[in-house]
Amino acid sequence: MLKVLKFGGTSMADANQYRKVRDIVRADPDRRVVVVSAAGKRFSDDNKITDLLYLCHAHLQYGVSFDSIFDTIRDRYLAIRDELGLKTDIESEFAALRKKMLGGISREELVSRGEYFSALLMAEFLGFDFIDATKWLFFHYDGTVDQEKSYPALKALVTDRGAVIPGFYGLMPDGKIRTLTRGGSDITGALAAAALDADVYENWTDVSGILMADPRIVDHPKTIERATYSELRQLSYSGAQVLHEMTVFPVREKNIPLNIRNTNDPDHPGTLISDEFVDRKNNQRFITGIAGKKDFSIVTISKKGMAGAVGTLRAIVEIFEDNAVPICYTPTGIDVISLVVPTEKLTPHLYTVTGELRAKIHPDSIKIADNIAIVAAVGRKMAYRAGTSGKIFAALGEQGINIRMISQGPDELNILVGVDEKDYAATIRVLYDAFVK
Ligand code: ASP
C-alpha cells in the first residue's frame with residue numbers, strides 16, 4: 001500500500017506546521033511520498049513565499065534592490081530550520097541563489113525556489129530522500145507534462161526510505177525550470193500519485209474537505225464525505241471552490257481515490273473522491289452539494305413550428321459560436337429555446353447576435369433576461385430517486401422564489417435552477433435546508 005500526500009502552503013508555513021505534517025506522516029507507514037508547497041501564510045495578512053519570490057523577481061527586473069524581500073524569504077526558512085534543529089545549509093543555498101540572481105535568473109526558476117526549500121527541510125525533518133522535481137517532472141516543449149518520460153523516472157527514484165518532492169515545477173526539454181500555474185503543487189501531487197500507482201492521493205490543506213454549500217451563505221455547512229469525480233466536476237463547474245478538474249485528472253485517469261484532508265484537524269476524514277461508490281443503504285442524503293454562479297443572461301427565442309423544423313437549433317448555435325459567446329445550458333420547450341450564457345460574454349456582441357438571429361431565424365420573439373443566477377443541486381443518487389425535482393420546486397415555491405429556468409442534466413447528476421440574482425443566496429439556503437439539514 002502506498003499513499004502519496006501533498007501538503008499545501010499553510011501546512012508548510014512554520015515549524016509548528018512542520019511538526020503536524022511529521023505527525024500525520026508518521027501515523028501511517030503507507031504515507032511514504034510527500035509533495036510540498038512553498039511556505040504559505042501563517043496568519044491572514046501574512047505573505048506567501050511564492051508571492052514574495054514573484055515580487056523579488058520584479059525588483060530584479062527593474063533594477064531595484066531586492067535585498068530586503070530576499071532576506072525576508074531566507075529568514076522564514078532559517079527560522080523553520082533552527083526551530084526544528086535541522087542542519088540543512090540554507091545559508092549557502094541562499095548565497096548561491098543570490099549570486100545566480102545577479103547573473104540573471106528566469107522568473108520561473110526563482111519562484112520555484114519556495115517549493116525547493118520547503119522540500120529540502122521537510123526531507124531532513126522526516127528522514128526521507130529529497131527528490132528534486134527537475135529529476136522527474138518533465139515537460140514537452142508546449143508546456144504539457146511528458147507523462148511517458150516522467151512517470152518511470154519517478155518510479156526509479158523512490159525507495160523504501162520515503163521521499164519528499166517539491167511541487168509546482170519541473171524541467172523543460174532545454175533544461176530550464178518551468179512552473180505550473182498557481183496552486184500547481186496539487187497537480188504535482190496528482191502526477192506523483194499516478195506515476196507511482198498510489199492507492200490514494202491525500203491532499204492536505206487547511207479545510208476539512210469540500211463543503212456542501214458556500215459557508216458565506218449557509219451557516220456551518222456540512223462536509224461532503226464522499227463524491228464521485230463526476231460530481232466534483234459538476235460542483236466546480238457550477239461555482240464551488242474545489243480543486244480544479246485539471247488538478248485531479250492524472251489521478252482520475254488511473255482511478256486513484258483523492259482524499260482532501262485538514263492538517264489542522266487530522267482526525268477529520270475530510271472528503272473522499274473516487275470514480276464510484278457503493279453507497280451505504282442507510283445514507284439517505286441524496287444531494288452531494290449545492291453550488292451556484294451569478295452573472296448569467298437568458299436569451300429566449302420563440303418561433304412557431306420550431307420544434308419540428310430541421311436545422312434551426314444548429315443555425316442558432318452557430319450565431320453564438322461566430323460571436324464567441326459560450327452557451328452554458330439550453331433548456332427547451334415546444335417552439336421555444338433558451339440559451340443561458342455568461343452576461344459578460346454576451347454584452348459586447350448583443351446587437352450582432354440579436355440582429356443575426358432576427359435575420360437568419362426569423363423568430364416570433366427574442367427576450368433577454370439579465371441578472372440571472374444559476375444554482376445547481378448535484379448528487380449521484382438523484383438519478384434513481386423519484387420526486388427530487390418536485391421537492392426542489394415545492395421548497396422554492398414555498399419561499400416565494402420565482403424559478404426563471406430549470407434544467408436537468410441528461411446524466412441526472414444535477415438539477416439546475418435559474419433565479420433572479422436577488423434570490424441567489426435564499427435559493428441556496430432553501431435547498432440546503434430542504435435536503436441537508
Ligand atoms: N506555491 C505555489 C503557489 O503559491 C504553488 C502551490 O502552492 O501549489 O501558487
Side-chain angles (χ1 to χ4, degrees), residues 4-14 17-18 20-21 24 33-58 69-70 72-74 76-77 80 93-94 97 105-123 130-134 136-137 139 143 145 150 163-172 177-195 201-207 210 236 241-251 258-264 270:
V4 171
L5 287 70
K6 179 257 166 178
F7 288 92
T10 52
S11 306
M12 301 295 296
D14 60 21
Q17 294 300 86
Y18 271 60
K20 290 183 192 170
V21 170
I24 289 165
V33 174
V34 174
V35 174
V36 295
S37 280
K41 291 184 178 192
R42 294 160 293 183
F43 37 87
S44 65
D45 51 3
D46 195 14
N47 295 306
K48 292 175 71 165
I49 291 295
T50 308
D51 293 335
L52 294 179
L53 286 164
Y54 277 112
L55 200 58
C56 204
H57 193 265
I69 302 174
F70 188 85
T72 309
I73 298 167
R74 190 195 53 197
R76 286 273 305 266
Y77 285 105
I80 294 172
E93 291 269 356
F94 270 95
L97 180 60
I105 190 171
S106 77
R107 193 165 85 129
E108 306 209 17
E109 178 168 354
L110 181 58
V111 299
S112 76
R113 297 303 85 188
E115 272 65 17
Y116 173 80
F117 286 115
S118 285
L120 272 186
L121 291 177
M122 188 54 84
F130 166 78
I131 299 180
D132 195 3
T134 54
W136 74 277
L137 210 176
F139 293 101
V145 173
S150 303
V164 178
I165 302 169
F168 191 41
Y169 67 97
L171 206 64
M172 289 293 279
I177 285 186
R178 181 189 173 94
T179 50
L180 294 154
T181 47
R182 293 301 305 267
S185 301
D186 283 333
I187 303 177
T188 308
L191 288 165
Y201 170 34
E202 293 183 349
N203 191 294
W204 290 82
T205 170
D206 52 9
V207 287
I210 306 169
S236 52
Q241 298 290 318
V242 292
L243 297 181
H244 192 277
E245 204 201 20
M246 293 311 285
T247 305
V248 299
F249 197 65
V251 272
L258 160 67
N259 190 193
I260 301 174
R261 302 284 293 266
N262 188 351
T263 303
N264 304 317

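Every number for a ligand or one of its atoms is a count from 1 in the order of the listing.
A salt bridge does not link K20 with D14: every distance from a Lys NZ or Arg NE/NH1/NH2 to an Asp or Glu carboxylate oxygen is 4.0 Å or more. Here K41 does not pair with D206 in a salt bridge; the nearest charged N to carboxylate O distance is not below 4.0 Å.
Near ligand 1, residues S37, K48, T50, E115, F168, R182, G183, G184, S185 each place a heavy atom inside the 4.0 Å sphere around the ligand atoms.
Under the 3.5 Å distance criterion, the side-chain polar atoms of E108 are matched with a main-chain donor or acceptor of T179.
With F94 as the aromatic partner, R113 does not meet the cation-pi criteria of under 6.0 angstrom to the ring centre and within 45 degrees of the ring axis.
Side-chain rings of Y116 and F130 approach one another, their centers coming within less than 6.0 Å.
For the pairing with T188, the side-chain contact (heavy atoms from CB on, under 4.5 Å) check across V35, V4, V36 returns one residue only, V35.
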